[in-house]
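Here the structure comes first, spelled out in structure tokens, and everything after it is commentary.
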Amino acid sequence: MYWVALLVFSLRSALGVVARGLTAPGSHGSVGASFENGNFILKVTSDTQTYIGTTSFATIALWFAGPPLLLFLVWLATRRAPVTERDSERDYRIT
């Protein structure tokens, strides 16, 4: 669910242009995505608007992997160590 919300939030302006370009009567539009020089490029054109969005691959990777990794590290740091039962035979000393 996190990743779906992330995509919708980050692509909200592009999604509006895509919706208008693809659903308006008599209009023409195009949607293109490419990966060049370590950057992800999204270009959406319609009769009235052009949207170009770019971001680096490292930024995309951090947005997708960062929050789950941080949650795992918080869980790892806050969990309790397992309690082991003491062996009753160890408590006896032979003298």
Side-chain angles (χ1 to χ4, degrees):
M1 186 64 179
Y2 165 76
W3 291 279
V4 174
L6 178 64
L7 282 173
V8 169
F9 181 75
S10 62
L11 296 175
R12 66 190 179 281
S13 54
L15 291 174
V17 175
V18 169
R20 284 190 297 276
L22 298 179
T23 60
S27 68
H28 304 287
S30 66
V31 178
S34 63
F35 186 74
E36 299 174 13
N37 298 327
N39 291 321
F40 179 76
I41 302 167
L42 177 67
K43 183 176 181 180
V44 180
T45 58
S46 67
D47 288 340
T48 59
Q49 285 184 310
T50 298
Y51 171 85
I52 299 174
T54 63
T55 188
S56 69
F57 183 72
T59 301
I60 294 172
L62 286 175
W63 273 108
F64 275 88
L69 180 62
L70 288 175
L71 285 174
F72 173 73
L73 291 175
V74 167
W75 172 80
L76 195 61
T78 59
R79 70 182 185 131
R80 292 183 178 179
V83 178
T84 59
E85 293 183 26
R86 292 178 55 139
D87 189 9
S88 61
E89 293 180 17
R90 282 193 203 167
D91 293 337
Y92 295 111
R93 295 184 184 173
I94 300 175
T95 56

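We find the CG-OG1 distance between Asn37 and Thr54 to be 11.5 Å, quoted to the nearest 0.5 Å.
Taking both residues in full, the closest heavy atoms of Asn39 and Ser56 are given as OD1-CA, 3.4 Å, listed atom of the first, atom of the second, then distance.
By the 4.5 Å heavy-atom criterion applied to side chains, Val31 and Leu42 are counted as neighbours.
With hydrophobic clusters built from ILVMFWY side chains whose heavy atoms lie under 4.5 angstrom apart, Ile52 does not share a cluster with Phe40.
Counting non-hydrogen atoms of neighbouring residues, nucleotides and ligands closer than 6.0 angstrom, the CZ atom of Phe57 reaches no more than 12 such neighbours. The 12-atom threshold is not exceeded at CZ of Phe9, counting heavy atoms of other residues, nucleotides or ligands nearer than 6.0 Å.
By the side-chain contact (heavy atoms from CB on, under 4.5 Å) test, Arg79 is found to be paired with Trp75, Leu76, residues two or more places apart in sequence or in another chain being considered.
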